[in-house]
Amino acid sequence: MESLNTVLSRLEALGVKSEELQKALERPTLDAASTKPFWDDPYIATQMMRFHLDPNVEAASKRHAVIDAECTFLAKALNLKPGKTLIDLGCGPGLYLERWLATRAQLVGVDLSSVAVVTAKKRLNAPITWIVADYRQLPKTLKADAMTLIYYDFTALPVKDQVPLLKEITDHLNPGGLIALDVMTPQNTYKESIRIAQRESGFWSPKPHTEIHQVFIHTSPKVIIDQYTLIDPSGHWDTIRIQNRLLTQAELEGMLKEAGLMPVTWLSDLSGNPYHPSSKTLAVIAQKNHSQP
Ligand SMILES: C[S@@+](CC[C@H](N)C(=O)[O-])C[C@H]1O[C@@H](n2cnc3c(N)ncnc32)[C@H](O)[C@@H]1O
């Protein structure tokens, strides 16, 4: 593994001003934003679509065989049937909604990325309502009997937004409504690291660039931050940060209850495997109180 100093002197030789870059490479504060909104960047979102739609790649979505199993389990657990409404939060190109068409429930997909929604619409051409929006601010009149937030997306949000999102979900669920979501647990082990690569093009940019990938561990709360600094030949750089908070069952339970949601089923994953404390993933189905409007 290369040290930060080795990386900086390599870049200085390429003409990059090292003091400013050194600042950009410092340990980020929790919830520090990316300099570029990558989910809706046309090039990055198109790269993501390639990964989503490849059945055997676990990158932007789970492998399609796993999605099949999760959809079968969740269709039952969330009681999807005609007359019920389900909203898939962060639906991507609609891999889950596609599989729930057979339930004949009313389906709604919400995603920040217009590339994802356009891909989903074109791909499925089905009676699904598509909404390009940030799910932290859902349209006021939108209500559902069930919601899903899948592929550890909940813990990729800034920590400060996690309980508020659960409150937003409660507000948009009908009384007795259900939310299913999955997270990663502290059973996953990570090491801090730094790596540099020179690329002609890559996942984050179609142009020649230097990519510095750093992994930082924030201990309390436990959050893994993947920080990508992408430097073009003119010396301009962007920083992309992907956070992932690792949650214990007790922590997630506390957050759900704070938002007015009661856990009804704990699982190791959304395929329905029972909860086990040593599992690297954790899933929950939680319910809004029947008497809460
Ligand atoms: C890792 S992908 C998972 C997509 C889908 N759940 C799946 O498993 O196939 C995350 C998706 O959430 C969307 N997303 C991220 N943050 C969002 C937000 N705040 N509001 C709405 N969509 C968001 C992204 O555009 C992306 O399509």
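Indexing begins at 1, ligand by ligand and atom by atom, following the structure's order.
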Any ion pair linking R241 and D226 (charged N to carboxylate O, less than 4.0 Å)? no
With the threshold set at 4.0 Å, does a side-chain nitrogen-carboxylate oxygen contact exist between E253 and K257? yes
May I ask you to check whether F51 and F203 place their ring centres under 6.0 Å from each other? yes
Tell me, which residues have any heavy atom less than 4.0 Å from some atom of ligand 1? W39, H52, A60, S61, G90, G92, Y96, D111, L112, S113, A133, D134, Y135, R136, I150, Y151, D153
Does R123 pair with E98 as a salt bridge, N-O distance under 4.0 Å? yes
Identify whether the distance between the nearest side-chain nitrogen and carboxylate oxygen of R136 and D161 falls below 4.0 Å. yes
Take D171 and K288 through the test salt bridge (charged side-chain N to carboxylate O under 4.0 Å, His left out) and record every step on the way to the result. CA-CA 9 Å; D171 286 348; K288 175 173 171 171; 5.8 Å; no
